[in-house]
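All values derive from a computational prediction rather than experimental measurement. Per chain, numbering begins at 1; letters A, B, ... match sequence-line order.
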Amino acid sequence: MPSLVANSPLGDFRQEFDGLEVAEVTGLAIVSIATPHGREAELAGAVLDAWGIEFPPVGASIESTAGEIRILGLQPGQVFALFQRDDERPAEAIARKIGDYGYYTDQSDSWAILRISGDRSREALERICALDLHPDVFKTGGVARTVMEHLGVIVLRDKDDAFLLLSARSSAPSFLHAVVTSAKNIQ
Amino acid sequence: MIINHPLLGPRDASEFTYLGDASLIDRPDWQAEDAQQQFHDYLYLRDNPAGEHRELWFHEQGDRSWLVVTRNTLTHEITGVELARDVAMQRGRGR
Amino acid sequence: MSQSNRTQGGHIDRSKTLRFTFNGSRLEGHPGDTLASALIANGVRLVGRSFKYHRPRGIFSAGSEEPNALVELRRDAHREPNTRATVTELFDGLAANSQNHRGPLRYDLLAVNDYLSPFLTAGFYYKTFMWPKAFWEKLYEPIIRASAGLGRLSMQEDPDAYDKGFLHCDLLIIGAGPAGLSAALTAARSGARVILADEDFRLGGRLNAETLEISGDSGADWAQATVAELSSMDNVRLMPRTTVYGAYDHGIYGAIERKTDHLADGGGKPRQVLWRIYSRRAILCAGATERSIAFGNNDRPGIMLAGSVRAYANRWAALPGRRVAVFTNNDDGWRTASDLAAQGAEIAAIVDTRERASLAAPAGAAVSMGTSVVDTKGRHGLKGVALSNGSTVECDCLAVSGGWSPNVHLTCHQRGRPVWRDDIAGFAPGPDLPDGMRVAGAANGSLTLAAALREGHEQASAAAGELGFSTVAKTPPAAEDEAVEASAFFHVKNDGPRAWIDLQNDVTAKDVKLAHQEGFRSVEHLKRYTTLGMATDQGKTANLLGLSVMAECTGRTIPETGTTIFRPPYTPVPIGAFAGRARGKEFRPTRLTTSHKWAEERGAVFVEAGQWLRAQWFPQSGETRWRESVDREAAAVRGSVGICDVTTLGKIDIQGRDAAEFLNKVYANGFAKLAVGKVRYGLMLREDGIVMDDGTTARLGENHFVMTTTTANAVSVFRHMEFCRQCLWPGLDVHLISATEQWAQFAVAGPRSRDLLRKAVDPEFDISSEAFPFMGCGEVSVFGGTPARLFRISFSGELAYEIAVPARYGDAMIRALMEVGEEFGVVPYGTEALSVLRIEKGHPVAAELCGQTTARDLGLGRMVSKKKDCIGNTLSERSNLNREDGLSLVGFAPVMRNDQLSAGAHFVSRGKPASTENDEGWMTSVAYSPELGHSIGLGFIAGGHERMGEIIQAADPLRGRTIEVRIVSPHFVDPEGERQRA
Amino acid sequence: MRYSGFKVLWEGLTGNRGWQPVWREPEPKSSYDIIIVGGGGHGLSTAYYLAREFGLTNIAVLEKGWLGSGNVGRNTTIIRSNYMLPGNEPFYELSMKLWEDLEQDFNYNAMVSQRGIINLYHSDPQRDAFARRGNAMIMAGADAVLLDRAGLEKQCPFLDFDNARFPIKGGLWQPRGGTVRHDAVAWGYARGADIRGVDIIQNCEVTGFLIEDGVCSGVETTRGTIEAKKTAVCVAGSSGRVMAKAGMRLPIESHVLQAFVSEGLKPVIPGVITFGAGHFYVSQSDKGGLVFGGDIDGYNTYAQRGNLPVVEDVCEGGMAIMPMIGRARLLRAWGGVMDMSMDGSPFIDRTHIAGLYFNGGWCYGGFKATPASGFCYAHLLAKDEPHPTATEYRLDRFISGGMIDEKGVGAQPNLH
């Protein structure tokens, strides 16, 4: 019987440019957690117990002190949990950790993830991203869903000069083209 | 245009999808005696004001919130943005 | 060729020489030159022809307001028509040609039009060319079209790339002249984020063209020092070569930055970048544009705006003439005389319409006060002018100053109206400015240097203050308040030669008078009837002259006569720049399924389905026609087993305590009682009772469903359901998230599908028909532990399943399924075979769910529950949607077995002509059925279910093939549905 | 005064002194048989056909601003009758036939130029939908040709057939489609109506209706009260505002449609081209400008201006199919306010108020309808029964479910 081997949306892409680097991030699990009406406090409590962090508001992310998980506030009643995937069923892993307080959906395969880093990364993103990414406005840890070159993108600033960009898996080559073209155009 | 999202701050309107008059929240009672007439008026007739207009926008490329935006149709000035869910609850919608 | 008209000084770099050609002549200039300044330095006067009369024309201005000096720039696919020489930065190897003439520029054959001018008055074409009727398209119009237009497109794909971008600032300052620089300095020092944009390549605006001083330095030096300070600040972005072309809602400005236009070769980098600038405040410091005066034959090469003549002399050390006359109605014209004299030109005369002036004339200049120029001579270049006092003046350049009009354009972009100001005899910004905009300097009607510096500082202080920045209370740099007294004189009245108002469109004072005579008296009628202000310069130097002549005719003041407001863009912007990168294959993103690479390897032919590419069929060697492949694929599904990637269908994960109740509201049929582990077909209506979408929804758990939507409606259905969730029933506990991207999903269809899946699904899962019946679903694992979801649903009508694995396994999954299916003769099938199979079963898709049809039309009327509240059921009961003779979806078969049906044919009863009143419906989908061996179709026809067996015409006059067809059941194959339950 | 080539010649030789005003500027009378509210294309053509077809001339056209200042003065000048549904196609074909005789009819050269219109298709399902439409056109007496790729290449070799994201596979061609000089339509109808005795009154805004006991007997205006036996509103773009004065809510929203013109160019494209997979259509005016547009901005507005995303979207569509226009420059953008109706189709009907009539809801298709709209409105006003080609344009059609929804997008105006 054949066994199935996973592949990443962008084949572990990595390229350096003058002042920035664009690289695919693989191996992350993404689980969406929706909050049942009326059980917000219980879910937040479970998250606090499990990882010692608050539930983030929409537009922000919070990373656990140990760094094993980051929770992104994406929309009212829904967050994404990002962590290293070491399980075929990450939604169930989350449920085991914090109980059935939330509704969990595995999103790990829905997204291609690019990390754009370096002191010119903001300049490159300027060509495709309408958000104001000035560090006084979009602070480290900030998260936003927006649109770039007709593609939906989740932007997470994970360092002062580095951004994680999540875009749909099926259109990942188009998204990569958009980001790489931006990097080239500012050279 | 820029919509000042109550949770996220100012965002370009191109992240949003427009639906129309916020009265679309006020869906009639399907069991009313004149339900068909009520649904007709609800779905088809509009105040279409030249001036302040309360309208529904969906933050499709954002946080997926439906918003009620109060915007002047003569000047495009926006004077209020609320989460549509809150508005709907205030208007007595529930289950 | 030497630069015969080049003098001393100026802001050009004489250490380098740039070679260029104009109409093939080899010429030279220097860095810092524009094409226009280099042409002037080389003594070139005739540069183009006017639009209608093909009059010889020369350079008129020194900026973006230029009406005359339009050229075709660069060669071949790079050719750029209608390019203003006055803003084209000179580069080595530049090639420019004049445009809009037949034959050589000097001997344009179409100059004959000038002699026909009595007949070619404003709007003459509305009164003739009507007979005979057929001659318009065949004769008159082709002649008009060929002689109209200006430059030529290359007709080749634009070889350059463009880019876009987004910028954010506290303060956008538009224009880097004295007001803009002063504003930028004040704002930047307050700590605000500042963007300073200017259309010129050298910041400083008029300071570069004047000899005025600031704080004891030359204005140009002060500008350079200020630019140096600003460029050293982190919170400032300086954007030369950037035109802010439009003011849009809520502080958004459009700007175009020319990145490589000044280079011989752009090196593959984007030629221009279109910026969307989000500003909290903006200060318009766009300066003012000089206007001309209308007088007889005022359009000859050598007649120029006085401020521009001065700019060529001061900034570019290029003299437009050796013997210059000045015609002015204001003080500013006198400065041209003194500056030109300082550069070595002979000032032949100063002609001023006023009785007295406050400035002194340079030595040797004859001054005529209270006098006008009434006519000129020199066909290809000015030779002299005639004055109202009867004298004549020999000269080769006439510098005309009719006063300065504030550049109010951006203040009008949100329909603000400028207001008249007597003191400057022009329109200044009105009170209805775009939100957040302030205006400073000449753009605000404050025409002196001192006022510009002061207002820039004041407006920047105020704007920064509003945003919470504290400005250092410093006074602006000092400069003299130079004399700018102006008078309202626009038009030298006479009955003699034509006096031009709009140089490019050839609108003369007589045209304006004719418009008045014929009743076109409102400003908008005037514009539209005469074409005044409609040329590529948008009447920047002409509008006010036209208004003044109309005001004369009506006996009203100019403000009573009206004003026109301006629309974006301020200056024309290339269409390619607005499109940016979105062209060719990058016009829209491409979505690929996880089996795409595998399908490519199999030689699949792909088809666009929205943004997706899907395999349409998989040709095998020896197959030469697509039908061969499709017939084989469809037959294989009916005969053994086939696999099709169905990932593109929308998938929505629905969870919550009230998920079932929610589905019961958004679907027309009942979902509350669907058992866990079961799938149900769902029909979704719009609120108006028309079918919106359909699909299957599986219940994975008590509070957990997975919905599928059609590929095309995935986004709109999700949006609709969020509307229902948030706006209609916010009290329900239900949560939605798209799972389309998460799962790679494959249909495994055909009598051997279960056999195949037994090789894939791990053995601990029982998929026998008893344990896993039709419309069952469940979570399983495949190929040794990979998580999967299995749904026993059928689109083909055969025993069939859909199996989904996480997308990262999609590529491996299709290969594995093909491998284990080999023993059953598995074939991959594409969308064409899928379509054949579904038509054979009568399943509707987008062609039938076209947004105009009801559940009843589709034969699904009984699915619409009357016992619950759901979207669409109330209005679906309207009388017109329930007519006895309403449309029904039925099947069609050709009467002559070999006839091909065609989608889009209309149904007409036998014996009746194909006309609208006999139209009974249309064919939606057709296919060749390999199972039946003939063409079959689905379609809507009035009262169809009652007409089984009737023979009617399928009229297709569009393709000239009307055939007879029989109305049959839409279920062509296995009408009882037994196969899928096997 | 009759216009002709001879007259132009004569006037040219005699100093152009003989030209008369194209319309009078009369003072409003205190009453008329019929008042038409709105001096745009449809209002003026209604007056013209009332006079010419039905001999009714005691008529005033009241215009708030200057004649032709509505959407007849701000559109992309396209005429076509390539509709699909039986409620629409015969009406638009009537309009096309009226266009074809218009200039000789009203003795004004509006430059009706039938250089054809092509709607591109990119897939087999789109081709099939166009086939349905093309057959409906032919069945209504219009002309339609289904072009395959080779046929299209012959006409438009400059299209980006191979590199396009959505490959161009052919088009539905209506050879009789084309363009008309839009302002001249208003002026020609105004002249024709004026000559026949209709009073065209500019700068006269209707501020209210005289309504008593369900009967409308005239209007209040900025120039006084004017009585009329029949009051016919025809103010597309302002329908909501005006009918609100009569206390009516309409199945209409107001939206802005932007349009664009490039700098003048020597001839580039032959007729009208419409790009189905993007939002772009284009023609070239006789003066040489590319006249183009796309989708409405999509939000309710009465402001005659739009925003950047649509400008960019339209130009993207243009570059996608004809990348040779990249170096042509966009010269001017403008916006017109559209009556977007709930099914994308118009209304020509009585209202529930006796003596008050309504014409509107033209979406972005009003210009091509100008002759037939006036013709059918005149018919309704003169005979009090709808013209046979306009029987379905009823204000109450949504009550019974009689939508005329060409696009099939339902009761959401911004999608039509």
**Q** Which bit of D:Met403 comes within less than 4.5 Å of chain B, counting heavy atoms only: side chain, backbone, both or neither?
**A**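 Contact with chain B involves the side chain of D:Met403 alone.
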**Q** Closest approach of D:Met342 and B:Leu43, non-hydrogen atoms and distance?
**A**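 Closest approach of D:Met342 to B:Leu43: SD-O, 3.8 Å.
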**Q** Quick check on B:Thr17 against chain D: is it the side chain, the backbone, both or neither that has a heavy atom closer than 4.5 Å?
**A**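 It is neither, since no heavy atom gets under 4.5 Å.
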**Q** What part of D:Ala411 gets within 4.5 angstrom of chain B, counting heavy atoms only: side chain, backbone, both, or neither?
**A**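 Looking at D:Ala411, backbone and side chain both touch chain B.
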**Q** Checking the side chain of D:Tyr302 only, and the main-chain atoms of B:Asn48 only, is there a donor and an acceptor separated by less than 3.5 Å?
**A**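 Confirmed, D:Tyr302 side chain pairs with B:Asn48 backbone.
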**Q** Which of the residues B:Leu74, B:Leu24, B:Asn72, B:Asp47 is involved in the greatest number of heavy-atom pairs with chain D at under 4.5 angstrom?
**A**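 Looking at each option in turn, the highest pair count goes to B:Asp47.
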**Q** Would you say D:Leu250 and B:Arg46 make side-chain contact, with heavy atoms under 4.5 Å?
**A**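 When only atoms from C-beta onward are counted, B:Arg46 and D:Leu250 do not touch, as no gap falls below 4.5 Å.
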**Q** Provide the closest heavy-atom pair for B:Gly20 versus D:Glu253 in the form atom of the first, atom of the second, distance.
**A**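 In terms of heavy atoms, the two residues are closest at CA-OE2, 4.3 Å.
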**Q** Count the heavy atoms belonging to other residues, nucleotides or ligands that lie under 6.0 Å from CD of B:Glu52, then report whether that count exceeds 12.
**A**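 Check fails, neighbour count at 12 or below.
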**Q** Work out which heavy atom in D:Asn307 is nearest to a heavy atom in B:His76; give both atom names and the distance.
**A**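 D:Asn307 and B:His76 have their closest heavy atoms at ND2-ND1, 4.2 Å.
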**Q** Got a donor-acceptor contact below 3.5 angstrom from the B:Arg71 side chain to the D:Asn300 backbone?
**A**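 Here the side-chain-to-backbone pair exists.
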**Q** Shorter than 4.5 Å, heavy atoms on both sides: which option in B:Gln36, B:Glu55, B:Met1, B:Gln37 has the most such pairs with chain D?
**A**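 The residue among B:Gln36, B:Glu55, B:Met1, B:Gln37 with the greatest pair count is B:Met1.
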**Q** Given 3.5 Å as the limit, does a donor-acceptor pair link the side chain of D:Thr301 with the main chain of B:Thr73, or not?
**A**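 Present.
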**Q** Take the angle between the ring planes of D:Tyr299 and B:Tyr18 and call it parallel below 30°, perpendicular above 60°, tilted in between.
**A**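 Ring orientation of D:Tyr299 relative to B:Tyr18: perpendicular.
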